[in-house]
Number of protein chains: 2
Amino acid sequence: MVVQTDLSDAEVDRIFRALADRTRRDIVRRTLLREASVSELAADYDMSFAAVQKHVAVLKEAGLVVKHPRGRQRIVRADPDQIARARHLLVRLEELWRDRFGQLDDVLADPTTQE
Amino acid sequence: MVVQTDLSDAEVDRIFRALADRTRRDIVRRTLLREASVSELAADYDMSFAAVQKHVAVLKEAGLVVKHPRGRQRIVRADPDQIARARHLLVRLEELWRDRFGQLDDVLADPTTQE
DNA sequence: CGTTTGTACAACCATTTGGTTGTATACAAG
DNA sequence: CTTGTATACAACCAAATGGTTGTACAAACG
């Protein structure tokens, strides 16, 4: 299965930036396991509701979570596809290293190279 | 093969933060393919030598590149292992999602679960 | 209705980031 | 030894980040 819609530099910036914070990584982890409202999330961190709200906004801008309304709450859910895209960026770097002496053409032409 | 020495939150912060910049990702890419001195790197970016020096420092703090002296130059080389560790963090997130309805106990106890 | 709960958003603030220039030092080359 | 090159590092600056408080509004509740 291939998810890979190519990401712009700015999008990649946002994804890694969003992941570069413990609280935000924790929000992703939690909402990956089970969606939660912003206030449910906020209850578990030692900071204001508004601060958590901002963290969720950063994650949403990065596409790592989606938000949808349910009554007066906003339900947050992590997007595993976006996490997979981030992982794929690192995989591509690693592939680059593995093939660093080789000719990229062959790798691209190789019909066994898929994901 | 297991690389996984567990990373602290601060270390993970540094790794993702370091990757959240186009210039730094490009430096990683380049020095993954072929080591380069700081001035060789600096020549290719539209910013001062000092700015590139700082980017390399951020990458070094994150463990994504290593620097070693060669005469008067400082040779920069990307560390594929650290990139693999970063990837593994995302893989673990994805696994969490995959197993989200399952009982974690069983997974931990399963003798076939190894890496 | 009025009250409480959940969210949005603006204004503000300290710190960090990403860039600059300038100065100092180390090594290589004449 | 002198000169040029590669690097280090400090000081500075604007903008972004990560937090705060306060205000406003919408939905659920009594």
Side-chain angles (χ1 to χ4, degrees), chain A residues 8-31 34-78 86, chain B residues 8-31 34-78 86:
Chain A
S8 73
D9 283 318
E11 286 169 328
V12 178
D13 284 7
R14 277 193 290 272
I15 293 173
F16 284 128
R17 191 101 203 28
L19 290 170
D21 179 279
R22 172 193 161 83
T23 302
R24 286 195 293 261
R25 285 191 301 273
D26 197 64
I27 291 173
V28 170
R29 226 173 277 126
R30 286 192 51 184
T31 61
R34 189 182 208 283
E35 61 181 20
S37 73
V38 180
S39 46
E40 280 168 352
L41 292 173
D44 286 358
Y45 303 104
D46 189 24
M47 65 184 72
S48 70
F49 173 83
V52 174
Q53 218 176 9
K54 279 193 182 182
H55 281 305
V56 171
V58 169
L59 289 168
K60 183 169 150 258
E61 284 311 298
L64 288 165
V65 305
V66 294
K67 264 169 86 174
H68 63 273
R70 176 144 74 213
R72 61 186 156 188
Q73 355 192 49
R74 294 299 177 272
I75 304 300
V76 181
R77 181 165 39 83
Chain B
S8 73
D9 284 315
E11 284 169 328
V12 176
D13 285 6
R14 278 193 289 272
I15 292 172
F16 284 129
R17 190 107 206 21
L19 290 170
D21 180 279
R22 173 193 160 83
T23 303
R24 285 195 295 260
R25 284 192 300 274
D26 197 63
I27 291 173
V28 169
R29 225 173 278 126
R30 288 193 49 186
T31 60
R34 189 181 209 284
E35 61 181 19
S37 72
V38 179
S39 46
E40 280 168 352
L41 292 172
D44 287 357
Y45 303 103
D46 188 26
M47 65 185 74
S48 68
F49 173 85
V52 174
Q53 218 177 9
K54 279 193 182 183
H55 281 305
V56 171
V58 169
L59 289 168
K60 183 169 150 258
E61 284 310 296
L64 287 165
V65 305
V66 294
K67 265 170 84 175
H68 64 272
R70 175 143 76 215
R72 61 186 156 187
Q73 359 192 45
R74 295 297 177 276
I75 304 301
V76 181
R77 181 166 41 80

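So that the names make sense, note that chain A is the first sequence line, chain B the second, and so on, each numbered from 1.
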To the nearest Å, how far apart are [X] [atom1] and [N] [atom2]?
X	N	atom1	atom2	value
B:His68	D:dA6	NE2	C1'	15 Å
A:Asp26	D:dG18	CG	C1'	17 Å
A:Leu59	D:dG18	CG	P	11 Å
A:Tyr45	D:dG19	OH	C1'	16 Å
A:Arg72	D:dA27	CZ	P	11 Å
B:Phe49	D:dT7	CZ	P	5 Å
B:Asp46	C:dG18	CG	P	17 Å
A:Lys54	D:dG22	NZ	P	15 Å

Taking the minimum atom-to-atom distance to the side chain of [X], which one of [options] wins?
X	options	value
A:Ala51	C:dG19, D:dT20, D:dT7	D:dT20
B:His55	C:dT7, D:dT20, C:dG19	C:dG19
A:Ser48	D:dT21, C:dT7, D:dA8	D:dT21
B:Ala50	D:dA6, D:dG19, C:dT20	C:dT20
B:Asp21	C:dG18, D:dT5, D:dA28	C:dG18
A:Arg17	D:dG18, C:dG18, D:dT7	D:dG18
A:Arg24	D:dA27, C:dT7, D:dG18	D:dG18

Verify the contact: side-chain N or O of [X] to OP1 or OP2 of [N], cut-off strictly under 4.0 Å; return yes or no.
X	N	value
A:Lys67	C:dG6	no
B:Gln53	D:dA8	yes
A:Ser39	C:dT5	no
A:Arg74	C:dA8	yes
B:Ser37	D:dA6	no

Under 4.0 Å, heavy atoms only, any strand: does A:Thr23 hit a base, just the sugar-phosphate, or nothing?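 Here A:Thr23 touches no strand at all.
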
Heavy-atom closest pair, residues B:Ala51 and B:Met47: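 That closest heavy-atom pairing would be CB-SD, 3.7 Å.
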
Pairwise 5' ranking along DNA chain D for A:Gly71 and A:Val58, keeping only the more 5' one: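 Residue closer to the 5' terminus by nearest nucleotide: A:Val58.
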
Look at the side chain of B:Gln73 against the base of D:dA6 and say whether a donor-acceptor pair falls under 3.5 Å; ignore hydrogens and angles.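 No, the side chain and the base share no sub-3.5 Å donor-acceptor pair.
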
Can we say B:Arg30 and B:Glu35 salt-bridge, meaning some charged N sits less than 4.0 Å from an Asp/Glu carboxylate O? no

NZ/NE/NH1/NH2 to OD/OE distance under 4.0 Å, A:Arg17 and B:Asp21: no

Between A:Gln73 (side chain) and A:Arg70 (backbone), is there a donor-acceptor pair under 3.5 Å? no

Counting distance only, does the side-chain N/O of A:Glu61 pair as donor-acceptor with the main-chain N or O of A:Val58 below 3.5 Å?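 No; judged by distance alone, with no hydrogens or angles, the pair does not exist.
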
Does A:Arg34 CZ have over 12 foreign heavy atoms under 6.0 Å away? no

